[in-house]
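Have a look at the structure below before the remarks.
Because the structure is predicted, anything quoted here is derived from the model rather than measured.
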Amino acid sequence: MSVENYSPGEIEPKWREYWISNSLHEATDDDPRPKYYCLDMFPYPSGSGLHVGHWRSYVLPDCWSRYKWLRGFKVLHPMGWDAFGSPAENDAIQKGIHPAVSTQRNVENFKRQLHEIGAMYDWSREINTTDPGYYKWTQWIFVKMFKAGLAYKTFMPVNWCPSCKTGIANEDVVNGRCERCGTEVTKKELNQWMLRITKYADRLLTGLEKLDWPEKVKTMQTNWIGRSEGAEVTFIAIAANGTEHPLNIFTTRPDTLFGATYMVMAPEHPLVKALTSAEQAQAVDAYVEQVKSERDVDRAARTEKTGVFTGAYAINPVNNEKIPIWIADYVLMAYGTGAIMAVPAHDERDYEFAKTFGLEIREVISSTPGVAEKAFIGEGTMINSGRFTGTPSAEGRKAIVKWLEEKGLGRATVNYKLRDWVFSRQRYWGEPIPIIHCSINCGLVPVPEEDLPVGLPDVERYQPTGTGESPLAAIHDWVNTRCPNCGGPAKRETDTMPQWAGSSWYFLRYASPRAEDTLITEKGREWLPVDMYVGGVEHAILHLLYARFFTMFLHDIGVVDFDEPFSRLFNQGMITYVGKSGKAEKMSKSKGNVVNPDPLVRDFGCDSLRMYELFVGPPELDAEWSDHGIEGVYRFLKRAWHWVLMHNGRWTASPSEKILRSRHVLIKNVTERLETFRMNTIVSSFMEFVNDIASTNEPPDQETIEAFLTALAPFAPHFSEELWQRTGHKPSIFLQKWPAWDEAYTKSKKVTVAVQINGKLRGTILVQAEAPEATVLETATKDPAITRYLDGKQIRKKIYVKNRILNLVVA
RNA sequence: GCGAAAGUGGCGGAACUGGCAGACGCGCUAGACUUAGGAUCUAGUGGCUCACGCCGUGGGGGUUCGAGUCCCCCCUUUCGCACCA
């Protein structure tokens, strides 16, 4: 008999329409079921469309959300737009289109494409960072931070992108280049807004422990925060002219203090001028200039050590020894105190420097290899260390710090690599920083909370000025205002926030996206925190660190009652494809290796593409796109379609043992593999099921059909919904319960046991499941394929693993 | 240089605590049905011998009755970090 063909092009739009018009995907606060919040990383609505690589990152969380839904949770799975940012602004500069217009257009296009994926987003909660109703709260958070002393403005050299014409954060610099545009970053002295993220360094570090995140991401954050324990020690620097200056250094190895044979200051260190001798002045100046003019990339690329002697000396507090002070660019002004004591015997960098300039290397920790060849950086017993000689180094560290503290010459401290966050951008398309500069004497005054948002005004020219002022500075009507404090003349802050601002707290807003008087409502709070956060590993540091910082702050001011926003994080691998370069790379327009999903959806349907996106490989790994792979999934769906409809309405009441076993094995596999995120193997499970069952002509029972369709629904939602209806059920299949399995049915009565002789496979035998060793042995020794290896031999050892293997050791 | 992940047929990839390596899919081969098929179905498909058998999970050692899986050494690829004292 013939049944109607599977035509995804007809059924898919129909069901999407149905789900939306029935508000099936909308999360409601009053739903009594337990909540589950699954979040995709915030997309920037770019002008170019979605490719199959993007698809992958949306398919997985959608399947997961639908699964959780069938598991009885009320699921919040929202979507919105991180729509501030430079691409729209660059477009505005080049084409004169208002960023708001192009953003709106891109959002619509993006939304249409996401729609094609069939994802169950709750569009009633859509948010957009450029919406004044949204950025009102971004500004509100800033004001709260300002009031808490976490936002401050200061002159400092910052990373400056000459192409974007704006200062950027340390986190935005990748290998000396601007993370956004790839231009080499330079330094520029600017008056910048900063956020005191360093105040949260310890919490950002310890908070990682309780998170269910990939270790890789935790490690990256840990390294970025870069906590190290040590001591600050005061040396007395004696300038060439005889004046004395306290010179603080940071060290993690105070136990090596007796091995300090010279000191090094960063070339930018403020004491350099005062300490330098007349004879060395010229060399020092030249070196300082050279370092200043050198690009960071070159400085980092250079491996050999450079430096100059200042002509000054310092007194080592532990032994009153006089040691020379050098300047060298291997000491960074931005870390610690910008000066170090150099212990060449026990520090690789100092060792190299000492070798280069012929400075003394004094061993103070005993070791087997010694320090003749290279620095010894391990632990050992202190030697040549006065009264500390003989102390184990770990103990000596504490003892010396204690001694320094008693003498007032030092103290135990902790240092971090993490720096405060440069939060100013001299760009147009961002949230205005809600601060007013009073021209009389109130200084920096936050915009009163009730006056928020500070709207982003229209400008005539979007072009960054390049002078360190944003285009907003040119709008005099807007800039000139009154001081909220004294009513006197005042000017608005014209810097805007970085794109990270809006995305640092957006996940909170989804919980009550339309609330006007509060960032988050009481009811909304119940949805939080995010249970599952899915996105690429490229946000391992920046976004995730900022979002955690914002959340901790909002926790501290009572806005939320948790301090970690994302309980579980899953990093998707990306899709690679062979483009012009001849090797598989991340898809991008410029590489010319983008695969457009539209023709695939047209020819095979969204469900096939969804399943193929999962089938390409383990979700956490990168996967290479294959052009023909989707056909296998498509064939599977067609076979399944025909199998269901062929038996439709003629279900048997007494399914065969084979059908029952196949069903229970399927449900077990799919469930277990979902829970462990092995999505690629789930698709295989379904294929095996259909291969096993559809090849027989045995009619299935109704329960098997229902279980099959329900389990398939998260992956091929349109397909399942359509067949659900065709098999006489009322939509929606997503109102069903996830099917259960019975372990007893998953086991077959007979099992194949492999028989090995001396560890080599010699045959297989079919025995009753759970058969005892004696029975298996008896069966095996009757099998001619096996006995021929036993003839004339003695069985010396028998190893039997139930239902699996029998290994006979013979001689 | 440091750290992490990975290396399995022609290809993408399976293999839970050590227990029949290659599930599933692509591709390929043969056949069936077809006016035709790049549709569908059936069978086959790691290598060498193609009979018995032998060899096979990046390479080399080891533990074990038994190793893709555990231990040691090395190679390759990818991704992070890169003078952080």
Any idea which of [options] is nearest the [X] side chain?
X	options	result
A/N680	B/C81, B/G13, B/A21	B/G13
A/P618	B/C79, B/A14, B/C65	B/A14
A/M687	B/G25, B/A85, B/G66	B/G25
A/T752	B/A23, B/U40, B/C20	B/C20
A/K760	B/C81, B/C54, B/A39	B/C54
A/N807	B/C24, B/C65, B/U40	B/C65
A/H628	B/C26, B/G25, B/A85	B/C26
A/V809	B/C65, B/G27, B/A85	B/C65
A/Y789	B/G53, B/G19, B/C24	B/G53
A/R804	B/G27, B/C16, B/A23	B/C16

Exercise. Between A/S393 and A/E379, is any side-chain donor less than 3.5 angstrom from a side-chain acceptor?
Worked result: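 Present: a donor and an acceptor within the cut-off.
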Measuring to OP1 and OP2 of [N], would you say a side-chain N or O of [X] lies under 4.0 angstrom away?
X	N	answer
A/N691	B/G25	yes
A/R678	B/A15	yes
A/K216	B/A4	no
A/R639	B/C41	yes
A/S228	B/A85	yes

For this session: Write down the partner of B/U42 under the Watson-Crick or G-U wobble criteria, each distance required to be under 3.5 Å.
Result: B/A30
Exercise. Across all strands shown, which nucleotide pairs with B/G12 by Watson-Crick or G-U wobble geometry, both distances under 3.5 Å?
Worked result: B/C24
For this session: Give a yes or no answer on whether the side chain of A/D329 reaches the backbone of A/V291 with a donor-acceptor pair at less than 3.5 Å.
Result: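 Side chain of A/D329 to backbone of A/V291, a donor-acceptor pair under 3.5 Å: no, none is there.
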Problem set entry | A/D783 (side chain) donor-acceptor with A/G763 (main chain) under 3.5 angstrom |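 Checked: no pair found.
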Distance check, [atom1] atoms only: [N] and [M], in whole angstrom units.
N	M	atom1	result
B/G68	B/G22	C1'	11 Å
B/G10	B/G59	P	14 Å
B/U40	B/C26	P	10 Å
B/A36	B/C20	C1'	44 Å
B/C48	B/A43	P	25 Å
B/C70	B/U57	C1'	16 Å

Is [X] touching bases, backbone alone, or none of the nucleic acid, heavy atoms closer than 4.0 Å?
X	result
A/N415	nothing
A/R635	sugar-phosphate
A/R762	sugar-phosphate
A/E348	nothing
A/Y262	nothing
A/N223	nothing
A/T764	base
A/Q756	base
A/V264	nothing
A/V801	base
A/R227	nothing
A/T219	nothing
A/D627	nothing

Mind calculating the distance between [atom1] ([X]) and [atom2] ([N]) to the nearest angstrom?
X	N	atom1	atom2	answer
A/I805	B/G66	CD1	C1'	7 Å
A/H346	B/A85	NE2	P	17 Å
A/H642	B/C41	NE2	P	9 Å
A/K802	B/G66	NZ	P	24 Å
A/F636	B/C26	CZ	C1'	16 Å
A/W213	B/A5	CH2	P	19 Å

Exercise. Would A/Y612 and A/D607 count as a side-chain hydrogen bond (donor to acceptor under 3.5 Å, both in side chains) if you check the C-alpha gap in whole Å, the side-chain angles of each, and the deciding distance to 0.1 Å?
Worked result: CA-CA 8 Å; A/Y612 183 62; A/D607 286 336; over 6 Å; no
[X] atom [atom1]: more than 12 heavy-atom contacts under 6.0 Å:
X	atom1	result
A/E373	CD	no
A/K218	NZ	yes
A/Q794	CD	no

Problem set entry | Identified side-chain contact (heavy atoms from CB on, under 4.5 Å) partner of A/R56 from the options A/R610, A/H51, A/E613 | A/E613
Problem set entry | Glycosidic class, syn or anti, of B/G9 using a 90° window around 0 | syn
For this session: Would you kindly check whether a donor in the side chain of A/K305 faces an acceptor in the base of B/C83, or vice versa, at under 3.5 angstrom?
Result: yes
